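First up is the structure itself, then whatever we jot down about it.
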Amino acid sequence: MSQYTLPDMPYDYAALEPAITGEILELHHSKHHAAYVKGANDTLDRLAEVRDKGDFSGLVGLEKTYAFNLSGHVLHTIFWQNLSPDGGDRPDGELGDSIVEHFGSFEAFQKQLTTATATVQGSGWGVLAWEPLGRRLIVEQVYDHHGNVGMSSTPLLVFDAWEHAYYLQYKNVRPDYVEKLWSLINWNDVIARFDAARA
Ligand code: MN
């Protein structure tokens with residue numbers, strides 16, 4: 001029984017062109033995201049076997065593999081919904097106010113998230129998250145899919161900084177790809193996540 005399934009894309013693979021090519025989006029969703037879904041399901045099966053056999057000697061590796069694949073599945077699911085062919089601009093309302101409150105200005109927030117995404121060493125993500133203990137917005141620089149993360153935070157807006165997200169189009173120039181992402185942001189989706197996280 002599979003616990004996780006690959007969600008359909010909310011738009012066609014070519015819908016984000018020219019910012020992101022259809023070739024990249026098809027590979028990214030149908031191969032990379034699909035692999036994280038399969039990896040999470042396979043690891044749950046392996047964990048069930050471990051419990052059945054009562055042999056927990058391989059548990060450390062399985063826990064790491066599960067966290068990696070589950071987090072990859074979660075982040076990609078959010079990433080597709082965060083983007084839209086009709087995206088861009090900036091949010092107003094409570095999210096816009098909260099960004100100014102916690103980062104000083106929209107421009108300062110934009111610079112921090114852009115830099116967090118562009119400077120990930122190796123593979124990772126730049127993330128705008130809601131941190132419920134401090135009741136504040138934060139930017140996190142995530143390694144792989146799950147490192148460098150505060151346990152409490154809820155991701156609202158995620159920027160994929162893995163080479164598979166841009167290399168076929170932008171080669172080594174990750175900052176140009178990150179710049180284009182800002183023109184694709186579906187702020188209505190981010191606002192819905194912001195409202196849900198604070199509720
Ligand atoms: Mn990715």
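All values derive from a computational prediction rather than experimental measurement. Just so you know, ligand 1 is whichever comes first in the structure, and atom 1 is the first atom listed for that ligand. Worth knowing before you read on, the calculation uses all heavy atoms, side chains too, and leaves out hydrogens, waters and symmetry mates.
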Original post:
Think Arg198 forms a cation-pi with Phe194, using NZ or CZ under 6.0 Å from the six-ring centre and within 45 degrees of its axis?
Top reply: yes

Original post:
Of the backbone and side-chain N, O or S atoms of His32, does one lie nearer to the Mn ion (ligand 1) than 2.8 Å?
Top reply: no

Subject >> Carboxylate-amine/guanidinium contact Asp189 Arg193, below 4.0 Å >> reply: yes

**OP:** Could you tell me the angle subtended at the Mn ion (ligand 1) by NE2 of His28 and OD2 of Asp160, rounded to 10°?
**Re:** 90°

**OP:** May I ask you to check whether Trp162 and His28 place their ring centers less than 6.0 Å from one another?
**Re:** no

Original post:
After noting the C-alpha distance and the side-chain angles of Leu75 and Tyr36, does the key distance pass the side chain to side chain contact (heavy atoms under 4.5 Å, CB included) rule?
Top reply: CA-CA 10 Å; Leu75 284 169; Tyr36 302 130; over 6 Å; no

Subject >> Metal site the Mn ion (ligand 1): N/O/S of His76 inside 2.8 Å >> reply: yes

